[in-house]
Amino acid sequence: MARLITNQEIARVFYEIADILDLKNDNVFKIRAYRRAGQLIEGFEKPLSQVADLESLPGIGKELSEKIRALLRGEELETLKNLRKEVAPGLLALLRIRGMGPKRVRTLNEKLGVKDLNSFCRALGEGEILNLAGFGPKLVDDLKKGLSEFQEYSKRTRLDLAKTQAEALVEYLKEAKGVGRVEVAGSLRRRLETIGDIDLLVTGKDPKAVMERLVNYPKVREILSKGNTKSSVVLESGVQADVRFFEPKTFGAGLQYFTGSKAHNIAIRTIAKQKGLKISEYGVFRGEKLIAGRTEEEVYQTLDLPYIPPELREDRGEIQAGREDKLPELIGLKDIRGDLQVHSEWTDGASPILEMAEQAKKLGYEYLAITDHSKSQRQTGGLDEKELRKEFQEIDRLNQKLKGFRIFKGVELDILKDGSLDLPERILKTADLVLGSVHSHFNLPKPDQTRRLLKALGSGMIQIFSHPTGRLIGEREPIMIDWSRLVPVLLEKKIAVEINASPHRLDANGDLAKYLKDQGVIFSLGTDAHTLGGLKDMEYGVFTARRGWVEAEEVINTWPLNKLENWLRNRR
DNA sequence: GCCGTTTTCGGCCCGACTGTTTTCAGTCG
């Protein structure tokens, strides 16, 4: 059977059509219609194959709905096929280069025969380009930079790296003369797992002082633009930071607008329009009159909506939920009472168990699970039955000494290729908790991978299914699982799914967590810490859980010690 | 290509910034 096309892929088709039309200098509104539809589809909460009346979607009319139906049937679009014949395929990549838009691409194509990255690179090196109207030495210089940037940094930045840099810059900007608030916006504020660039919003008395301070930031590698209300710089790390200044009375509107997501804002503006209001980054307007904008709460209020936490602003049902007063009460870092995935020097961790426990205590936790690897993880020094028994004895001894704190005897048990377990049941039954993990054979076909997991999770030995997809952000794709078949087992065996808080993993991610939550699955948050510092990664797990609409009660390590102990015991 | 209580044609978001200009075009978000 042909695989069903995803929303993501449909959106990509529309974006490509829009790009080509752009290069052809076609009607800008037609181009915008394709892009708008792409955005809507990308952020749509369910697969379009399940939408009966496509034309009821805003921005989808007769033409686009027909095209979507064709794509869903697995057909190739005639429109796109024909358009592709009209432009050199290499030209589309040039649009991704900073400083290059459709007009410049077209000019270089027509006048200098540029048709791809290589010929673009050559053209930049030749003097002829300077004879073209609108192309001066400074622009050519900028385009060269844009090109090398494109080649060097087409990757997005991991959340933790971006957050650290953004926070340092926020602190620095707060020292500017007359500055008021400095806030992070954009995908970083929504806690997306990777971010494109850092967006900061500033308010205060003196925009010039803020922008002046920004360009003097020691970690600025390059200044892309500098104005009174907006400046952009590239930091040493290669991440771009955009800083915008807003008057206090429109700061909330600016923050709302630049936090996004695009899909969320489109939905918000649609509601505003229905109410006869106009909403932009400069406020909510009735006619010419500014009626809200100082705070985000104010902006949402004019639309009869409660404040929507940034992590939910993806147009995945949060607006509807807000209207019905059904927004979740999202989990927070303060709800966490312990860490349920931690490694020690017994395997590949850097510190003794006691030090990890003391650090956890300092973080205000009541308990901690030591979950070292099982034996087939040889490169980590995974423990066999005998060694694990010794580790458990050590933990028993430590628990007798520690007051008001509990260390759980855990193990991160390998799920082998055929779904069997890496250690015998007799030792697993002496553990307080068992995490089940896939660390090998990531590329099994979906049916095999699903069968493997059904067997392992069906064994009744596993209480937490840890880093369930095995993905590493930017490095390894998730394993393929038929979740609809796994969910019944998770529910029947009362297995919690881990939201792994390591910023390299964030697994389950927000989307998967939301899906599982809706099916009634519960969660566990673990940092997978291998060092004392690693225990601090819990916040990333909380961010991810929030993106999954998860509430504190649905996470087992927000529970008090005795409740968690009961849950762990009653499952044996 | 979409849309409509100003409705089937004629609108559709636009402000900020830069570079190349001498009043503006192109890009970006």
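Given the structure is predicted, the values throughout are model-derived calculations rather than measurements. Chain letters run A, B, ... following the sequence lines, proteins first, then strands; residues in each count from 1.
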Out of [options], whichever nucleotide has its closest atom nearest the side chain of [X]:
X	options	value
A:Asn27	B:dG26, B:dG1, B:dT18	B:dG1
A:Arg244	B:dG29, B:dG19, B:dT27	B:dG29
A:Leu139	B:dT20, B:dG29, B:dC2	B:dT20
A:Lys230	B:dG29, B:dT20, B:dC2	B:dG29
A:Lys226	B:dG29, B:dT20, B:dT18	B:dT18
A:Ser225	B:dC17, B:dC2, B:dG19	B:dC17
A:Tyr282	B:dC28, B:dG15, B:dT18	B:dG15
A:Asp242	B:dC2, B:dT27, B:dG29	B:dG29
A:Gln240	B:dG29, B:dG26, B:dC2	B:dG29
A:Pro102	B:dG1, B:dT27, B:dC17	B:dT27

query: Does the side chain of A:Arg190 come within less than 4.5 Å of A:Glu311's, by heavy atoms?
result: no
Original post:
Is the shortest heavy-atom distance from the side chain of A:Arg213 to the side chain of A:Lys177 under 4.5 Å?
Top reply: no
Given atom [atom1] of [X] and atom [atom2] of [N], what is their separation to the nearest angstrom?
X	N	atom1	atom2	result
A:Asn25	B:dT27	CG	C1'	15 Å
A:Ile223	B:dG19	CD1	C1'	16 Å
A:Ile31	B:dG26	CD1	P	14 Å
A:Asp22	B:dT27	CG	C1'	11 Å
A:Glu247	B:dA16	CD	P	12 Å
A:Tyr15	B:dG1	OH	P	18 Å
A:Phe135	B:dA25	CZ	P	15 Å
A:Asn265	B:dC14	CG	P	17 Å

Please classify the nucleic acid contact of A:Leu57 as base, sugar-phosphate, or nothing, using heavy-atom distances under 4.0 Å. sugar-phosphate
Taking B:dG19 as the reference, what is the distance to B:dG4 when you measure between their P atoms (whole Å, please)?
42 Å
What's the gap between B:dA25 and B:dT20 when it is taken at their P atoms, as a whole Å value?
16 Å
Original post:
Is A:Arg313 atom CZ crowded by more than 12 heavy atoms from other residues, nucleotides or ligands, each under 6.0 Å away?
Top reply: yes
| Counting heavy atoms not belonging to A:Lys111, are there more than 12 under 6.0 Å from its NZ? | no
Q.
Check for me whether A:Arg244 meets the cation-pi criterion with A:Phe258, that is, NZ or CZ under 6.0 Å from the six-membered ring centre and within 45 degrees of the ring axis.
A. yes
Could you tell me whether the phosphate oxygens of B:dG1, OP1 or OP2, come under 4.0 Å of any side-chain nitrogen or oxygen in A:Arg36? no
With a cut-off of less than 4.0 Å, is there a side-chain N or O of A:Lys138 near OP1 or OP2 of B:dG19?
yes
Paired to B:dT8 by Watson-Crick or G-U wobble criteria (both distances under 3.5 Å) is none
